[in-house]
Amino acid sequence: MRRYFLFIALLFGCMISMSAQQRTRGFEPQIKVGFDLGVDGFKNNSAGLELLAGYRFNEYTRIGLGTGVSYNYLVYEQNMFGDDYKESAMQIPVFVNGKFNFISHGISPYFGIDLGYAFFFACSDYAKENDLGFYFKPALGVDFPLDIGTLFLEFGYKYQTRDWFEDNSNYSQITFSIGYTF
């Protein structure tokens, strides 16, 4: 029984220690690993890595520029019987990111948004007919302060514009990310 009380006391002490940390102004780089799950008829799933160079203006607001690389597993509906055709490709996004924390210190929920453009690199002839473009990605997340830096978890929605064989084939994805802010 004493072990449980000791564990709870240590956990409580760590939470108090983390909530005492405050964000400061200045350069704030981050790295993020994410998975995007297609939710519409085009079922485009992807996984990737993003790097962001941001500037924190105050305890609540950060603005930054980012880029990354993402591997896409694209599914196209091929015929009227519902057979799917699968291709793969790489995508390189370039974006502006805004992050708005709701609490100035400790464990803090936040709202973030990415606005950018995605470049498409096909891994097959069929996928070469794609042209990506503008995208936006609003997200909700939580920052967990560590002794050095911050760990964060994020859940969002991504809307990507795309032209495929001269048709407007825009698609949507639900996004899941984990990252670290230095």
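Position 1 is the first residue of the sequence, and the numbers go up from there.
Of the N and O atoms on the side chains of R62 and N97, at least one donor lies less than 3.5 Å from an acceptor on the other residue. Side-chain contact check for Y157 and S172: at least one donor-acceptor pair (N or O, by modelled atom type) lies under 3.5 Å.
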What do the steps show when you test V94 against F119 for side chain to side chain contact (heavy atoms under 4.5 Å, CB included), and what is the final call?
CA-CA 8 Å; V94 177; F119 297 95; 3.9 Å; yes
Please step through side chain to side chain contact (heavy atoms under 4.5 Å, CB included) for the pair E154 and K32, ending with a clear verdict.
CA-CA 10 Å; E154 191 174 86; K32 177 174 28 175; 2.9 Å; yes
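Taken to the nearest 0.5 Å, the CG atom of L65 stands 12.5 Å off from the CG atom of L51. Between atom CD of residue Q173 and atom CG of residue L37 there is a gap of 8.0 Å, rounded to the nearest 0.5 Å. The distance from the CD1 atom of I31 to the CZ atom of F182 is 6.0 Å, given to the nearest 0.5 Å. With rounding to the nearest 0.5 angstrom, the OH atom of Y110 is 13.5 Å from the CD1 atom of I103. The structure places OG1 of T181 at 5.5 Å from CD of E28, a figure rounded to the nearest 0.5 Å. Atom-to-atom distance recorded for T150:OG1 and I107:CD1 is 11.0 Å, nearest 0.5 angstrom.
By the criterion of side-chain heavy atoms lying less than 4.5 angstrom apart, applied directly or through intervening Ile, Leu, Val, Met, Phe, Trp or Tyr residues, L52 is not grouped with V69; the two fall into different hydrophobic clusters. If you chain together hydrophobic residues whose side chains sit under 4.5 Å apart, L146 and L153 fall into the same group. Hydrophobic clustering keeps F111 apart from F152 (ILVMFWY residues linked when any side-chain heavy atoms are closer than 4.5 Å, directly or through intermediates). The hydrophobic clustering, which links ILVMFWY residues whose side-chain heavy atoms are closer than 4.5 Å, places L140 and I174 together.
Salt-bridge check for E50 with K137: passed, with a basic side-chain N closer than 4.0 Å to an acidic carboxylate O. We find that D143 and K99 are joined by a salt bridge, their nearest charged nitrogen and carboxylate oxygen being less than 4.0 Å apart.
At least one donor-acceptor pair under 3.5 Å links the side chain of R25 to the backbone N or O of F57. Listed for the D114 side chain is no donor-acceptor partner under 3.5 Å among the backbone atoms of F95. Proximity of a side-chain donor or acceptor of N58 to a complementary backbone N or O of T61 within less than 3.5 Å is detected.
Checked against the 6.0 Å centroid criterion, the rings of F100 and F102 do not qualify as a close aromatic pair. Taking the six-membered ring for Trp, F176 and F155 have ring centres closer than 6.0 Å.
The minimum heavy-atom distance linking F27 with A53 is given by the pair CE1-CB, 3.7 Å. Taking both residues in full, the closest heavy atoms of F144 and V142 are given as CZ-CG1, 3.5 Å, listed atom of the first, atom of the second, then distance. Scanning all heavy atoms of the two residues, the minimum distance from M90 to Y71 falls at SD-CD1, 3.8 Å. Across all their heavy atoms, Y135 and P93 have their closest contact at OH-CB, 3.4 Å. Nearest heavy-atom pair, G149 versus Y180, reported as atom, atom and distance to 0.1 Å: CA-OH, 3.4 Å. Contact detail for S46 and N72: the closest heavy-atom pair is CB-OD1, 2.7 Å.
The cationic atom of K158 (NZ for Lys, CZ for Arg) does not lie both less than 6.0 Å from the six-membered ring centre of F136 and within 45° of the ring axis.
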